[in-house]
Amino acid sequence: MNRGSHSPAYSILENASLRARNSFGVEARAALLIDVRKNDALRELFGYAMLQRDPVLVLGEGSNVLFTRNWPGVVLTLATRGIEVLADDEQTLRVRVAAGEHWNDFVHWSLARGACGLENLALIPGTVGAAPIQNIGAYGGEVAEFIATVEAWDRQQGNFVRLQPAQCAFGYRDSLFKHEPDRYLIVAVEFELPRRRAPHLGYAGIQAELDAMGVAAAAATSAQVAEAVTRLRMRKLPDPAVHGNAGSFFKNPRVDPAFANTLRAEHADLPIWDADGGLVKLSAAWLIEQAGCKGERDGDAGISARHALVLVNHGHASGAQLWAFAQTVRERVRARFGVELEAEPRIV
Ligand code: FAD
Ligand code: EPU
């Protein structure tokens with residue numbers, strides 16, 4: 001492994017800045033940064049003692065990571081590209097997508113090919129390889145519904161493996177990969193997308209957005225739903241290019257229905273949704289706003305004035321400052337409502 005070297009399969013940089021590689025825009029350095037362009041390079045790379053010994057962090061576009069410190073080992077990105085059609089008939093389109101493809105590009109590629117299902121997930125930042133990690137979801141959809149197989153490099157076995165959806169333990173912003181972060185590097189995802197599917201328009205705002213576009217909800221195409229979702233997202237969420245952020249910083253907490261009802265008795269407008277496992281989901285944004293944190297800041301670390309669930313870097317906050325501010329928010333929500341908030345992004 002030649003440090004500072006470039007080969008067609010990978011390139012290596014020592015003491016690399018990650019500022020441009022995380023959507024919070026915070027500074028952190030990687031002892032070694034490896035960009036992999038060919039999956040076969042993983043066999044060679046994981047044969048080196050350093051990758052067996054030192055901590056390895058897989059990084060996509062860094063839109064769901066908060067660096068509070070430097071990374072002492074290897075940061076590895078899968079910069080692989082390619083969408084391969086595996087089967088194409090009147091019912092479904094089955095494709096294999098390389099981990100390094102940009103998620104939103106793939107969504108639009110699939111819509112242009114006349115496949116549907118991913119329209120509610122338009123404009124989510126990040127790579128295809130990261131999509132299974134937290135089972136990305138938005139506007140009433142979750143990616144797990146369309147995943148047929150996850151291909152990964154298994155560091156434990158030193159081999160490529162194919163995981164079926166049942167093995168991936170997908171849940172709300174959750175999967176096997178979140179629980180075994182040091183084991184799998186996702187190299188490609190196979191999707192099975194329907195050719196026809198009734199659009200999912202139940203999430204608040206989609207129908208109103210279609211109305212504003214002059215589209216009758218009953219006749220909306222998948223591409224029009226994607227456009228409505230895109231417009232809604234651009235209005236509601238701060239742009240990371242302007243104010244660094246990672247989207248929702250906390251998960252919507254899942255609690256016992258009895259506890260939710262006691263909160264509802266005091267706060268009639270608290271949003272509550274059904275969740276799996278007999279639990280209900282509370283709106284973390286609502287709790288944070290009611291705890292008085294929306295638009296608050298300490299230096300350059302703050303909560304967005306546009307959306308209470310978004311922790312933002314107003315300019316030069318460090319990752320440690322952002323994390324400290326997130327703790328303040330958690331404490332205020334705990335003190336006011338007795339609810340424990342859990343961070344959604346990976347905290348390094
Ligand atoms: P990274 O942030 O680089 O990595 C995220 C995690 O995945 C890390 O733990 C990393 O180690 C791991 N990882 C990444 N790639 C791989 C790989 N190939 N193999 C193994 N592990 C890997 N998320 C939603 O679910 N819904 C939303 O609506 C949504 N909206 C967002 C809006 C904004 C403005 C932003 C900034 C983020 C939003 N997110 C949302 C979060 C983010 O877009 C997703 O989590 C996305 O999947 C992260 O992709 P990434 O490539 O940036 O991954
Ligand atoms: N709300 C407030 N104050 C705010 C914003 C929202 O009180 O400033 C309340 C409103 O009552 C609103 C409710 O929260 O109706 C829900 O808001 P929103 O529709 O924006 O959804 P969210 O629960 O805040 C979730 C996901 C988002 C996803 C949207 C749309 C989580 C943690 N977040 O946000 O995902 O895009 O729904 O489906 O589940 C992400 O994971 O990074 C992300 C952005």
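Atoms within each ligand, like the ligands themselves, are counted from 1 in listed order. When reading the values below, keep in mind they use all heavy atoms of this one structure, side chains included, and skip hydrogens, waters and symmetry mates.
For ligand 2, the atoms sitting less than 4.0 Å from at least one non-hydrogen atom of Phe250 are 32 (C), numbered in the order shown with element in parentheses. Each of the atoms 36 (O), 38 (O) of ligand 2 lies under 4.0 Å from some heavy atom of Ala138. Interface of Glu289 with ligand 2, defined as ligand atoms under 4.0 Å from a residue heavy atom, comprises 2 (C), 3 (N), 4 (C), 7 (O), 8 (O). Close contacts between ligand 2 and Pro271 involve ligand atoms 11 (O) [criterion: under 4.0 Å to a heavy atom].
Closest protein heavy atom to atom 41 (O) of ligand 2: Glu344 OE1, 2.6 Å. Counting only heavy atoms of the protein, atom 18 (N) of ligand 1 lies nearest to Ile186 O, 2.9 Å. Atom 35 (O) of ligand 2 has Arg173 NH2, 2.9 Å as its closest protein atom, hydrogens excluded (heavy atom only).
Looking at Gln134 next to ligand 2, no N or O pair under 3.5 Å apart turns up. In terms of N/O distances under 3.5 Å, ligand 1 is not approached by Glu344. Among the atoms of Ala308, some N or O lies under 3.5 angstrom from an N or O of ligand 2.
Between Arg183 and Asp154, at least one side-chain N (NZ, or NE/NH1/NH2) sits under 4.0 Å from a carboxylate O, which counts as a salt bridge.
No donor-acceptor pair closer than 3.5 Å links the side chain of Trp286 to the backbone N or O of Glu289. A donor-acceptor distance shorter than 3.5 angstrom exists from the side chain of Asn22 to the backbone of Val26, with no hydrogens or angles considered. In this structure a side-chain-to-backbone donor-acceptor pair under 3.5 Å is missing from Asp298 to Ala301.
Heavy-atom separations between Ala246 and ligand 1 include at least one value shorter than 4.0 Å. Taking 4.0 Å as the cut-off, Phe249 does not count as a neighbour of ligand 2 on heavy-atom distance. Residue contacts with ligand 2 do not include Ala204, since none of its heavy atoms lies under 4.0 Å from the ligand. For Gln290, the heavy-atom gap to ligand 2 stays at 4.0 angstrom or more.
Every side-chain hydrogen bond (donor to acceptor under 3.5 Å, both in side chains) that Asn15 has, sequence neighbours left out, goes to Arg29.
Inside a 4.0 Å radius of atom 10 (C) of ligand 2 there is not any protein heavy atom.
For Thr127 and Glu101, the side-chain atoms include no donor-acceptor pair closer than 3.5 Å.
Of all heavy-atom pairs spanning Ser304 and Arg306, the tightest one is OG-N, 2.9 Å.
With Tyr172 as the aromatic partner, Lys281 meets the cation-pi criteria of under 6.0 angstrom to the ring centre and within 45 degrees of the ring axis.
Nearest-residue assignment for atom 16 (C) of ligand 2 (options Tyr139, Trp286, Trp273; heavy-atom criterion): Trp273.
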